[in-house]
2 protein chains.
Amino acid sequence: MLENETAAIPKDCAECPIRHRAVCARCEADELEQLDDIKYYRSFEAGQTVIWAGDKMDFVGSVVSGIATLTQTMEDGRTQMVGLLLPSDFVGRPGRETAAYDVVATSDLVMCCFRKKPFEELMAVTPHIGQRLLEMTLDELDAAREWMLVLGRKTAREKIASLLSIIARRDATLKLAGAGGPMVFDLPLTREAMADYLGLTLETVSRQISALKRDGVIALEGKRHVTIPDFDRLLDEAGDDSDGGMLA
Amino acid sequence: MLENETAAIPKDCAECPIRHRAVCARCEADELEQLDDIKYYRSFEAGQTVIWAGDKMDFVGSVVSGIATLTQTMEDGRTQMVGLLLPSDFVGRPGRETAAYDVVATSDLVMCCFRKKPFEELMAVTPHIGQRLLEMTLDELDAAREWMLVLGRKTAREKIASLLSIIARRDATLKLAGAGGPMVFDLPLTREAMADYLGLTLETVSRQISALKRDGVIALEGKRHVTIPDFDRLLDEAGDDSDGGMLA
DNA sequence: CGGAAGCCTTGACCCAGATCAAAACGCTCG
DNA sequence: CGAGCGTTTTGATCTGGGTCAAGGCTTCCG
């Protein structure tokens, strides 16, 4: 997990790994320069909290590398993950003073942050930013709604299968692997984090993963390394329409 | 339920009840005129389906009056409501061809629709529309995430209390009633629709409502008319921080 | 007025997943 | 190497909410 000293911080937007998928995706060279003036990088170690819900938040930003979670906690300690932040995902809300959720780095994390005030001003005069942010927010809303179905109506086994298929699908698009062959990836979450995402207990998560393994739906090597021999089978277990619904 | 022949269709944007809260909220007079050119009203009766998930959708629009639901259904019939559309809420997504969810009128419904293509073009040149839509979408995302906590971690009783408090709060803001006194409103949903929203069965919904009534948290007159003698008590039952969290 | 169709409530029973408890599996570190 | 700690697995038991089954209450309509 410590490939680099502090993980790669891009020297320049041009070589930034999320250049084409983040809020800045549609920006022209001059707009990038303006963003550059108000931006700074921050690194977090795995386990560190980026912000606590309710804290004053004077920046917004993008995940450059690593994974973070967005969680909500009740007074008695019950917690629910409400978002999984992957590279290019946006954190924070223009026009809001305080953080609405806890943001925690699940792996080592690099963020590209913008001071909030200037970012808001820039957004007002740079349609490209607002347009892209709208698009990303609509995508997140869709993801949240899909997750509502998972939380409200799926069984524990289906929930696990749903989570695995989402992670597998994302990983496949990053690796641009040709379809067909078995998919292989590492789980970026602990059993407890999965439980928080799925509205289950960690014991149930563990049991269902064991069951899927026993039934040959997945193969495990160690606790985290997953192989999926037949993706359609997994989708079936997830209760999803197995049309493979490939949204472009 | 049939107060008006077809419910009130505004003659003019100026007298439109959602003028200041819908996508058009920030538009100037000339922008409104342009929207006017591509808009038309549609009315639906309670129970009618506005669109089916997957259908081609050549419009977007706002709820003017009445209530609609956004639901997702699995092949085996399990359904989950993923959104409750109230007056001023926006339906549809610029840039998407087909509907992602079933939209059903729960009460008699009037919508102000815009042909999608021209709306998208107008959006590209009218920042006010995109800005407002972004703001609304961010609000919906927050609501969806709050709902994820309800679905994933709350007990049946807490779920019912959460739903009642949301409806009560909304009703209070519409009526601008001074705080303090008992809150009174009509449930806009059947037990089954509540169950679909809460990820429960209608039997459980019924039982928990009876229990809340028995315990004096709510009072019922008929099946739908609800009185809440002590709103803080209800919030407490919902498991929410009872700081009254009034977000401006 | 009687019947039928929608909603809603209530009861009896059952099971998926929670809870409680213990042990196994890596690790890092002295 | 062994101690200690965080993570994961597995077992035993309990329970909240699902399922199945009967009515009850309204409203509509012939």
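Every heavy atom of this structure was used, including side-chain atoms; hydrogens, water molecules and symmetry mates were not. Every chain is numbered from 1 and lettered A, B, ... according to where its sequence line falls, protein lines coming before strand lines. The structure displayed is predicted, hence computed values, not measured ones.
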Counting any heavy atom closer than 4.0 Å, what does [X] reach on the DNA or RNA strands: base, sugar-phosphate only, or nothing?
X: S206(A); answer: base
X: G47(B); answer: nothing
X: I209(A); answer: nothing
X: T201(A); answer: base

If the test is side chain to side chain donor-acceptor pair (under 3.5 Å), which one of T79(A), T69(A), T71(A) qualifies with D196(A)?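 For D196(A), the side chain to side chain donor-acceptor pair (under 3.5 Å) check succeeds only for T79(A).
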
**OP:** Taking the side chain as every heavy atom from C-beta outward, state whether T106(B) and L189(B) have any atom pair closer than 4.5 Å.
**Re:**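 Side chain of T106(B) against side chain of L189(B), heavy atoms only: contact under 4.5 Å found.
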
task = Flag the pair R145(A) / E140(B) as yes when at least one side-chain heavy-atom distance between them is below 4.5 Å, and no otherwise.
result = yes

Query raised in the report: Mapping L202(A) and E203(B) onto DNA chain D by nearest heavy atom, which one lands closer to the 5' end?
Result: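 Looking at DNA chain D, the more 5' nearest nucleotide goes with L202(A).
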
Considering only side-chain heavy atoms of [X], which listed nucleotide, [options], is closest?
X: R207(A); options: dT9(C), dT19(D), dA12(D); answer: dA12(D)
X: K223(A); options: dC8(C), dT8(D), dG11(D); answer: dT8(D)
X: T204(B); options: dG18(D), dC8(C), dG17(C); answer: dG18(D)
X: L200(A); options: dA18(C), dT9(D), dC8(C); answer: dA18(C)
X: Q208(A); options: dC8(C), dG17(C), dA12(C); answer: dG17(C)

Measure the distance from [atom1] on [X] to [atom2] on [N] and round it to the nearest whole Å.
X: R191(A); N: dG26(C); atom1: CZ; atom2: P; value: 12 Å
X: M194(A); N: dT7(D); atom1: CE; atom2: C1'; value: 11 Å
X: K159(A); N: dG17(C); atom1: NZ; atom2: C1'; value: 9 Å
X: R78(A); N: dA18(C); atom1: CZ; atom2: C1'; value: 13 Å
X: L189(A); N: dT8(D); atom1: CG; atom2: P; value: 10 Å
X: E192(A); N: dT8(D); atom1: CD; atom2: P; value: 9 Å
X: L198(A); N: dG17(C); atom1: CG; atom2: C1'; value: 13 Å
X: L220(B); N: dC25(D); atom1: CG; atom2: P; value: 16 Å

- Before giving the answer on side chain to side chain contact (heavy atoms under 4.5 Å, CB included), spell out for I218(B) and E237(B) the whole-Å C-alpha distance, their side-chain angles and the decisive distance to 0.1 Å. CA-CA 11 Å; I218(B) 61 173; E237(B) 292 285 355; over 6 Å; no

Take atom CD in E203(A); do more than 12 heavy atoms of anything else shown fall under 6.0 Å from it?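 More than 12 heavy atoms, drawn from other residues, nucleotides or ligands, come within 6.0 Å of this atom.
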
DNA chain C nearest-nucleotide lookup for G222(A) and T155(A): closer to the 5′ end is T155(A)

*asked:* Between R157(B) and dG16(D), is there a contact of a side-chain N or O with OP1 or OP2 at under 4.0 Å?
replied: no

For this session: Using the salt bridge (charged side-chain N to carboxylate O under 4.0 Å, His left out) rule, take D139(B) and R93(A) through it: C-alpha gap first, then chi angles, then the decisive distance, then the call.
Result: CA-CA 10 Å; D139(B) 284 340; R93(A) 171 170 176 168; 3.0 Å; yes

TODO: Please evaluate the base of dT9(C) for a donor-acceptor partner in the side chain of R214(B) within a cut-off of under 3.5 Å?
DONE: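 When only heavy-atom distances are counted, R214(B) does not reach the base of dT9(C) through any donor-acceptor pair under 3.5 Å.
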
